[in-house]
Amino acid sequence: MWDPYSEFQVATLPNGLTIHAAYWPGRSWEAMGFLIHSGAEHDPVGLEGLSHFVEHVVSENTNLSKKKIISFFEDCGGTVHLGSTGYPCTQYQFFAPADKAVLVRAFSIFGNMLLLTNLRNFIEQERQVIIREFYSYYPLKCRIDLSIRKNKALYAGYWLERFIRPLGNPESVSQITQSDLQSYYDAHYTPANISIVGVGGMKLEQLIELLSESPFAIHKKGERTPLPVPVTNVTPPSETRYVFEISKHFTMPIEVGSYTTVAKIPGNIKGSVICIINYMFDKVILENVREKHAWAYDIDVNRQNFRHFYEFSIHCDALAPNAINDIEKVIEICIDSIIDREDLFEQVKRRILASNSMIDFNGNNVLNDAIEDLAQKQRIISLKEISDDIEHITMNDIRDVLQWLQPERRWTLIVKP
């Protein structure tokens, strides 16, 4: 089985910049990613959304206009992504011909943008864009209130208590000044805090040569944001259940409800264990909620790795009104049933291992996976390591995690018509 993640080579420039490259001979293109090892998780209290705001204005203040940057990559047949911000990191990407002249120009553009920019222009314009972006996710105040309620119940004392999205909120974004933006940029956009990833027709030594002749070779004071220490224990939520009645807030008749339950799981547990549990719950809950009772069409079982801890959630949208009083009992039965499902556990393991050997790789997918690994672990993880982890997971590992999914450790939202 081909494992492109095991083929990455890594080097560090004298200024601390880290370069990871996977050489694919004969490819006429190069997919490049630039990872800033700081994101919303590192925003100061009261300035939530600062890292995202910086990402918005970086490409507006470099030595080439945003329009010209996009045109340069499109004219050579490529694409460019001028930033996205998550909780652990911020990233930028481009896809371009594996041609020395093109890459020299591309590295000059990105080097100036990520290391040498004064953030002075378009600040008020982007502030309004970000506020509009927030309301595109949360057009109704009740949705904002419910999201805040959940995070305060589950994450009291942790940075996630202050967020419902990495972009912050309108109040905090309104407080951010030009000085705040520049100070954050100067502290976090430094060579030592940047990893560059390349996949395609350029060898590591070729990329090093080109980067060494670009603004990425400058010396700028800074250091790598350290990886957080995962928590080994989590406290129960301050609230375990909340009922929201739509008719008390809206006059229009609503004929459906919804069910959401969320747990916080310690971050020291292997991600492969959480992955297997996710697949097991997918199967069990689909069988019980949709196939057996026909209560809902869309049933989402999801996991998120926040590095300190995991968030594990079950969400049933467009829930039939006659199911609202019984859905909690059925979900508890599903959770309790997992403890004895050795058959399902073995089935899920086999299927995950089989799917790992059937991945259809392309350059951009490998690039994105490598960036995700670097964001979470600050190293690229091979498929063999993933498969070995899954092979060694036992049913007892699954049972150990189930303790964190008991009702007293979850926040549950019932939405009634």
Side-chain angles (χ1 to χ4, degrees), residues 13 17 19-21 27-39 50-86 89-130 132-133 166-167 178 181-182 184-186 188-191 193-202 206-207 209-218 220 363-364 367-368 370-371:
L13 295 186
L17 182 79
I19 307 160
H20 301 260
R27 303 309 200 277
S28 62
W29 45 261
E30 192 72 20
M32 298 294 308
F34 305 83
L35 181 71
I36 313 297
H37 289 276
S38 302
L50 178 57
S51 55
H52 176 256
F53 203 152
V54 169
E55 171 241 303
H56 264 248
V57 296
V58 158
S59 59
E60 300 281 9
N61 284 272
T62 191
N63 60 347
L64 199 64
S65 72
K66 188 174 181 178
K67 184 176 181 180
K68 287 183 178 179
I69 293 172
I70 294 171
S71 293
F72 166 75
F73 286 99
E74 290 181 345
D75 287 346
C76 66
T79 57
V80 64
H81 175 59
L82 293 174
S84 60
T85 303
C89 66
T90 306
Q91 60 174 292
Y92 305 79
Q93 296 182 21
F94 72 73
F95 184 76
D99 175 83
K100 181 177 179 179
V102 172
L103 292 178
V104 164
R105 181 65 170 146
F107 289 152
S108 174
I109 291 170
F110 271 80
N112 276 288
M113 184 169 70
L114 300 182
L115 291 171
L116 297 172
T117 296
N118 290 316
L119 307 179
R120 299 186 181 279
N121 302 316
F122 299 100
I123 292 174
E124 294 311 315
Q125 172 184 303
E126 291 306 308
R127 191 192 309 276
Q128 295 308 311
V129 168
I130 293 167
R132 297 275 72 77
E133 181 182 358
L167 53 79
Q178 186 274 332
L181 294 166
Q182 192 66 53
Y184 182 95
Y185 177 86
D186 292 340
H188 295 273
Y189 282 61
T190 68
N193 201 37
I194 295 176
S195 291
I196 295 180
V197 184
V199 179
M202 302 294 286
Q206 293 174 298
L207 292 176
E209 179 182 355
L210 295 177
L211 288 164
S212 296
E213 297 172 354
S214 79
F216 282 110
I218 70 162
K220 183 178 178 182
N364 280 315
L367 174 71
N368 287 327
I371 288 174

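All residue numbers refer to positions in the sequence shown, counting from 1. Quick note: numbers below take in every heavy atom, side chains included, and nothing from hydrogens, waters or symmetry partners.
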> For Thr90 and Glu55, does a side-chain donor sit closer than 3.5 Å to a side-chain acceptor?
Replying inline: no
>> So does Arg120 get a backbone contact from the side chain of Asn61, meaning a donor-acceptor N/O pair under 3.5 Å?
In response: yes
> With sequence neighbours left out, what residues match Phe53 under ring-ring contact (aromatic ring centres under 6.0 Å, His included)?
Replying inline: none
> Taking atom OH of Tyr184 and atom OG of Ser38, what is their separation to the nearest 0.5 Å?
Replying inline: 4.5 Å
> If you look at every heavy atom in Val80 and Leu82, which pair is closest and at what distance?
Replying inline: CG2-CD2, 3.7 Å
>> What's the separation between atom CD in Glu30 and atom CD in Gln206, rounded to the nearest 0.5 Å?
In response: 8.5 Å
> Between NZ of Lys67 and CD1 of Ile69, what distance do you get to the nearest 0.5 Å?
Replying inline: 13.5 Å
Mind listing the side-chain donor-acceptor pairs of residues 105-118 below 3.5 Å, one per line with the distance, residues two or more places apart or on another chain?
{"residue": "Asn112", "atom": "ND2", "partner": "Ser108", "partner atom": "O", "Å": "2.8"}
{"residue": "Thr117", "atom": "OG1", "partner": "Asn112", "partner atom": "O", "Å": "2.9"}
{"residue": "Thr117", "atom": "OG1", "partner": "Met113", "partner atom": "O", "Å": "3.1"}

>> Is the shortest side-chain heavy-atom distance between Glu133 and His56 below 4.5 Å?
In response: yes
>> Side chains of Val58 and Val54, heavy atoms from C-beta outward: is any pair under 4.5 Å?
In response: yes
>> Taking side-chain contact (heavy atoms from CB on, under 4.5 Å) as the definition, give me every residue that meets it alongside Gln93, ordered by chain and number, with sequence neighbours left out.
In response: His81, Gln91, Leu367, Asn368, Ile371
> Do we see a donor-acceptor contact under 3.5 Å between the side chains of His188 and Ser51?
Replying inline: no
> If you look at every heavy atom in Ser212 and Ala217, which pair is closest and at what distance?
Replying inline: O-CB, 3.3 Å
>> Contact between Phe216 and Leu210 at the side-chain level, heavy atoms closer than 4.5 Å - yes or no?
In response: no
> What is the minimum heavy-atom distance between Cys76 and Pro97, and which atoms define it?
Replying inline: O-CG, 3.3 Å
> Are side-chain heavy atoms of Leu103 and Phe94 found at a separation under 4.5 Å?
Replying inline: yes
>> Quick one, Leu17 and Ile196 - any side-chain contact, counting heavy atoms below 4.5 Å?
In response: yes
>> Restricting to non-hydrogen atoms, name the atom on Leu211 and the atom on Ser214 that form the minimum distance, rounded to 0.1 Å.
In response: O-OG, 2.8 Å
> Would you find a donor on one side and an acceptor on the other, under 3.5 Å apart, between the side chain of Glu74 and the backbone of Thr79?
Replying inline: no
> Do you know the tightest heavy-atom contact between Tyr92 and Ile36?
Replying inline: CE1-CG1, 4.1 Å
> Any idea which heavy atoms bring Leu207 and Ala21 closest together, and the distance?
Replying inline: CD1-CB, 3.8 Å
